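Report on the structure given below.
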Protein chains: 2
Amino acid sequence: MKSEIQVFREYIRGRRLRRTPEREQILQEIFEIHGHFDVDELHLRLRDKASKVSKASIYRALPLFIDCGLVREVDFSDGHWHYEHVYGHAHHSHLRCLGCGEVLEFEQPGLGCLEAHLAQEFGYRIKGHQLQVHGFCATCQEAE
Amino acid sequence: MKSEIQVFREYIRGRRLRRTPEREQILQEIFEIHGHFDVDELHLRLRDKASKVSKASIYRALPLFIDCGLVREVDFSDGHWHYEHVYGHAHHSHLRCLGCGEVLEFEQPGLGCLEAHLAQEFGYRIKGHQLQVHGFCATCQEAE
DNA sequence: GATGTAATTGAGAATCAATTACAATAATAC
DNA sequence: GTATTATTGTAATTGATTCTCAATTACATC
Ligand SMILES: [Mn+2]
Ligand SMILES: [Mn+2]
Ligand SMILES: [Zn+2]
Ligand SMILES: [Zn+2]
């Protein structure tokens with residue numbers, strides 16, 4: 001399996017885009033984040049490391065990472081986008097606590113089959129799906 | 001089954017809120033919309049009927065309708081919220097075309113079972129789920 | 001290693017959905 | 001009717017994201 005930075009560099013070259021320290025700093029930081037993140041968090045983490053990368057550049061870089069399969073958008077329906085490092089990770093769904101925001105991951109194998117079924121029934125070329133389940137974790141149930 | 005307006009009026013009374021013509025106009029209009037809608041569309045439709053309800057009031061009323069189970073938020077991940085009339089409708093998921101925005105509905109019965117399973121495994125009290133599938137419809141595939 | 005080019009950057013302005021402050025109005029309880 | 005207090009419309013505000021623009025920089029070519 002190619003290293004992630006290698007995947008990104010090949011993608012950049014293939015598109016006649018440019019390899020910049022900003023983009024690689026951002027990507028490097030994403031590799032070091034365990035779990036989900038948003039633009040603000042990523043920006044703060046870079047700031048903490050004395051990187052001067054601007055938010056605008058982060059916003060501009062993320063679509064590239066997504067396009068080459070290193071990052072995935074995660075929608076927690078809370079008003080802004082979240083992201084996760086996805087290269088080499090299994091596809092999974094999220095169970096989110098409405099109280100404290102905790103996010104657990106689980107796999108739901110049946111959905112591949114559902115995609116095939118929908119493709120056939122409606123004539124769609126399916127690109128993907130998102131399943132999120134929400135509720136209250138044990139701790140937040142007590143607090144209610 | 002109680003009528004929807006009745007559900008709303010009981011909810012309003014129970015909370016010591018006030019029954020206003022604006023809220024009932026908005027609700028009435030929602031009943032007449034077939035399918036999904038957003039705030040802007042709802043506002044325009046009310047305008048067309050010479051109603052002077054403001055957008056702010058729509059934004060303030062929707063959470064009430066959601067809270068009493070008449071309306072559901074629908075997340076198409078396109079930058080703003082959509083809604084649908086939900087009272088008496090079966091729960092369903094959405095298949096959306098990334099090209100033209102068409103939305104089809106389908107049922108996926110296995111997810112009730114999944115909720116029970118997750119509740120048990122992680123100790124959550126599950127409140128609901130959202131499944132969206134996206135891809136390209138037959139027409140948009142050709143156009144590519 | 002200079003040079004031309006076109007992509008990229010940071011700063012700040014613009015956008016857009018959604019929320020909020022405020023003063024005027026109106027629904028309910030008495 | 002009167003008092004109370006929720007609700008309204010307007011306009012201002014917020015916050016995430018995108019855009020603009022001038023300055024910088026990566027990369028191909030000489
Ligand atoms: Mn995840
Ligand atoms: Mn629907
Ligand atoms: Zn919790
Ligand atoms: Zn389409």
Side-chain angles (χ1 to χ4, degrees), chain A residues 5 8-29 36-47 49-68 71-83 101, chain B residues 5 8-30 36-47 49-68 71-84 101:
Chain A
I5 196 75
F8 180 63
R9 287 178 180 170
E10 284 176 14
Y11 171 85
I12 285 292
R13 175 173 314 179
R15 306 254 162 161
R16 310 244 150 76
L17 302 176
R18 291 179 186 173
R19 184 177 148 187
T20 68
E22 288 82 1
R23 287 174 176 167
E24 301 210 342
Q25 277 169 37
I26 297 168
L27 194 50
Q28 180 62 39
E29 193 58 41
H36 309 99
F37 62 92
D38 58 24
V39 168
D40 229 51
E41 183 185 345
L42 186 51
H43 186 234
L44 287 177
R45 288 182 62 128
L46 285 161
R47 273 288 150 91
K49 297 199 175 160
S51 163
K52 297 219 186 73
V53 184
S54 73
K55 264 192 191 173
S57 292
I58 295 175
Y59 276 113
R60 289 185 280 228
L62 281 169
L64 304 179
F65 304 151
I66 291 168
D67 199 34
C68 64
V71 168
R72 182 162 76 108
E73 282 176 308
V74 179
D75 185 354
F76 290 147
S77 302
D78 66 346
H80 66 278
W81 285 103
H82 298 248
Y83 302 86
Chain B
I5 196 75
F8 181 64
R9 286 177 180 168
E10 283 174 15
Y11 170 85
I12 285 293
R13 174 173 312 178
R15 305 256 163 157
R16 309 245 147 75
L17 301 176
R18 289 178 188 174
R19 183 177 148 187
T20 69
E22 288 83 1
R23 287 173 175 166
E24 301 210 342
Q25 277 169 37
I26 297 168
L27 194 50
Q28 180 61 40
E29 192 59 40
I30 288 173
H36 308 101
F37 62 92
D38 58 25
V39 168
D40 228 52
E41 184 185 344
L42 185 51
H43 185 234
L44 287 176
R45 288 181 62 126
L46 285 161
R47 275 287 151 91
K49 297 199 175 163
S51 164
K52 297 220 186 71
V53 184
S54 72
K55 263 192 193 173
S57 291
I58 296 176
Y59 278 113
R60 289 185 280 227
L62 280 168
L64 304 179
F65 303 151
I66 291 168
D67 199 35
C68 64
V71 168
R72 182 163 76 108
E73 282 175 310
V74 179
D75 184 355
F76 290 147
S77 302
D78 66 345
H80 65 278
W81 284 104
H82 298 250
Y83 303 87
E84 65 184 346

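Just so we're clear, the structure is a prediction, and the values are computed from it rather than from any experiment. The sequence lines fix the lettering, A, B, ..., with proteins before strands; numbering per chain opens at 1.
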- Message: When you compare the side chains of B:H82 and B:D38, does any donor N or O come within less than 3.5 Å of an acceptor on the partner?
- Response: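 Per modelled atom types, B:H82 and B:D38 side chains form no pair under 3.5 Å.
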For [X] and [N], what is the distance between atoms [atom1] and [atom2] respectively, to the nearest whole Å?
{"X": "A:R15", "N": "C:dT8", "atom1": "CZ", "atom2": "P", "result": "12 Å"}
{"X": "B:Y59", "N": "C:dA21", "atom1": "OH", "atom2": "P", "result": "17 Å"}
{"X": "A:K52", "N": "D:dT24", "atom1": "NZ", "atom2": "C1'", "result": "14 Å"}
{"X": "A:L42", "N": "D:dA16", "atom1": "CG", "atom2": "C1'", "result": "15 Å"}
{"X": "B:H80", "N": "D:dA16", "atom1": "NE2", "atom2": "C1'", "result": "15 Å"}
{"X": "A:E24", "N": "C:dA7", "atom1": "CD", "atom2": "P", "result": "19 Å"}
{"X": "B:W81", "N": "C:dA18", "atom1": "CH2", "atom2": "C1'", "result": "12 Å"}
{"X": "A:R19", "N": "D:dA28", "atom1": "CZ", "atom2": "C1'", "result": "16 Å"}

- Item | Side-chain donor/acceptor of A:R23 to backbone N/O of A:R18, under 3.5 Å |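 Between the backbone of A:R18 and the side chain of A:R23 there is a qualifying donor-acceptor contact (under 3.5 Å).
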- Query: So what does B:R60 hit on the nucleic acid, given a heavy-atom distance under 4.0 Å: a base, only sugar-phosphate, or nothing?
  - Reply: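 Here B:R60 touches the bases of the nucleic acid.
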- Mapping B:T20 and B:A56 onto DNA chain C by nearest heavy atom, which one lands closer to the 5' end?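 Taking each residue's closest nucleotide, the earlier one in sequence belongs to B:A56.
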- Message: Is A:R23 close enough to C:dT8 that one of its side-chain N or O atoms is under 4.0 Å from OP1 or OP2 there?
- Response: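 For C:dT8, OP1/OP2 do have a side-chain N/O of A:R23 under 4.0 Å.
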- Query: Can you name the closest pair of heavy atoms from A:K55 and A:V39 and give their distance?
  - Reply: CG-CG1, 4.3 Å
- Message: Whether the side chain of B:R16 and the base of D:dA6 hold a donor-acceptor pair under 3.5 Å is what I'd like checked.
- Response: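 Flag unset: no donor-acceptor pair detected.
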- Item | A:E22/A:K52 ion pair, N-O < 4.0 Å |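 No salt bridge links A:E22 with A:K52.
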- By nearest-nucleotide position on DNA chain D, the 5'-leaning member of B:K55 and B:L17 is B:L17
